[in-house]
Number of protein chains: 2
Amino acid sequence: MAATARGREEALPALAEVFREHGYEGASLFLISQATGLGKGSLYHFFPGGKAEMAAAVVAEIDAWFERHVFAALRDTRRPREDIAAMLEAVDQYFGTGRRVCLVGLFALGDARDAFTREVHAYFARWVGALADALVRSGNGRAAATALAEETVGAIQGAIVLTRALDDPGIFGRALQRLRSRLGLERR
Amino acid sequence: MAATARGREEALPALAEVFREHGYEGASLFLISQATGLGKGSLYHFFPGGKAEMAAAVVAEIDAWFERHVFAALRDTRRPREDIAAMLEAVDQYFGTGRRVCLVGLFALGDARDAFTREVHAYFARWVGALADALVRSGNGRAAATALAEETVGAIQGAIVLTRALDDPGIFGRALQRLRSRLGLERR
DNA sequence: GCCACTTTGTACTGTTCGGTACAGAGCGAC
DNA sequence: GTCGCTCTGTACCGAACAGTACAAAGTGGC
């Protein structure tokens, strides 16, 4: 955590963690400085726009990560079932079985809503869209696929809330298992 | 919103709205003063413990409201199907078809986690528990009932996130409709 | 070794924060 | 009226805030 970042890119993971833990308002420059190991001088050198630019950079990186590792494969998949299963696996890893907050979801609930409406909207629209595409390819009708995709992404977000509220990662695991069965990914 | 509150109780709704809109850290005393129509003097007269006491009072009121209007009926119901349906209806109203944030869910994600872990845990545990009770009474086994209850509460929380992210209340409505069908509440 | 450029620590700015102090306004009881 | 009590506006406090200025420390090319 305090393993002194050397540049803008290296600082992003620690930065993301601070925003996840404390929200946008709660993430003070002191906390950010501590977490990244960078002094104010360096922080403002790398992010002249201050906190807002830091948060934007974090959101952009998360967005890019999901695009690369999750969404892209779903859109043009030739093996929809395998790729959807891989998506759930990646989600399980990424969100630490529900212990780790989804920063974009947190921003959606209002923490920095006005500032990042666009980015938040784009992230979830692409997630739902890509998943719906994969579900169409796996044999669902367009409407059913969209409904299933909405249900899946919603269930993941809700499971994060419940897991953290009740402090029980079992909730997240069970939610993923239900989704696997509902998406027809059960080994047969 | 700015309709000057006259006492502690009257101030709670406006207070809750500020915390919902801006989160715990983001709700400054200036915003609170504006929203309630109360000056600092009055605020500290009614809530000597400051912001923390205000947030605690709001959470307690929300908790009491759900206990009275949602949880109680579910626990000892003799008409589980009707009472579960009524619960979904109340939820739809309360959360403004997904436009209104669940403050307890927001706190669960971290906005004021440390300060309200107990309250957040109790709220969701009682919600899931009461719903599971009703589902047992409507003929489900204990395990299936708990799983369904977890799924339902999670789906509601997730639908709030998605609805706000994509700015489309249809998402919340469709989620509730799916839940009705899954909980066996469809008119037959 | 010297130069140009990037990176950093530190001291500082003005502002806003949560919270306090307190005088006085309002207002029923008698 | 006037007493006692609840309530409220205002001025104020120290601390923490985001952001700036800038000199010094590094660093790679030559």
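Fair warning: this is a prediction, and the values are worked out from it, not measured in the lab. Just so it is clear: chains get the letters A, B, ... in the order the sequence lines come, proteins before strands, and each one is counted from 1.
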query = With side chains defined as the heavy atoms from C-beta onward, is the minimum distance between Phe172(B) and Arg99(B) less than 4.5 Å?
reply = no

query = Do the side-chain N or O atoms of Ser28(B) get closer than 4.0 angstrom to the phosphate oxygens (OP1, OP2) of dC17(C)?
reply = yes

query = When the C1' atoms of the five terminal pairs at each end define the local axes, what inter-axis angle does the helix from dG1(C)-dC30(D) to dC30(C)-dG1(D) show, to 10 degrees?
reply = 10°

inquiry  = At 4.0 Å (heavy atoms only), tell me whether Ala52(B) reaches a base, stays on the sugar-phosphate, or touches nothing.
reply    = nothing

task = For Glu25(B) and dT16(C), give me the distance from atom CD to atom C1', rounded to whole Å.
result = 14 Å

inquiry  = Does this structure show an ion pair linking Glu53(B) with Arg8(B), if we count only N-O contacts that are shorter than 4.0 Å?
reply    = yes

Euclidean distance, atom OH of residue Tyr44(B) to atom P of dC7(D) [Å, nearest integer] = 18 Å

inquiry  = I'd like to check the side-chain contact (heavy atoms from CB on, under 4.5 Å) partners of Asn140(B); sequence neighbours left out, ordered by chain and number.
reply    = Leu135(B), Ser138(B), Ala145(B), Leu148(B)

request  = May I ask you to decide whether Arg178(B) forms a salt bridge with Glu151(B), counting only side-chain N to carboxylate O separations under 4.0 Å?
outcome  = no

remark   = Side-chain atoms of Lys40(B) come closest, of dG9(D), dC12(D), dT8(C), to dC12(D)

inquiry  = Please tell me if His45(B) has a side-chain N or O lying less than 4.0 Å from either OP1 or OP2 of dT8(D).
reply    = no

request  = Calculate the interatomic distance between Met54(A) atom CE and dC17(D) atom C1'; express it in whole Å.
outcome  = 13 Å

task = Flag the pair Asp133(B) and Arg142(B) as a salt bridge only when some basic side-chain nitrogen lies within less than 4.0 angstrom of an acidic carboxylate oxygen.
result = yes

note = note: Lys51(A), atom NZ; dG19(D), atom P; distance rounded to Å ~ 8 Å

message = Whole angstroms only, please: what is the CG-C1' distance between Leu29(A) and dA15(D)?
response = 16 Å

task = Starting from P on dT10(D), measure out to CZ on Phe30(B) and report it in whole angstrom.
result = 13 Å

request  = Round to a whole Å and report the spacing from CD1 of Ile32(B) to P of dG19(C).
outcome  = 9 Å

ask   = Can you check the Phe46(A) CZ to dT7(C) P distance for me, whole Å?
value = 5 Å

task = Would you tell me whether Gln177(A) and Arg174(A) have side-chain atoms, one donor and one acceptor, within less than 3.5 Å of each other?
result = no

message = Is it the case that the side chain of Arg180(B) and the backbone of Ala85(B) share a donor-acceptor pair, with hydrogens and angles ignored and the cut-off at 3.5 Å?
response = no

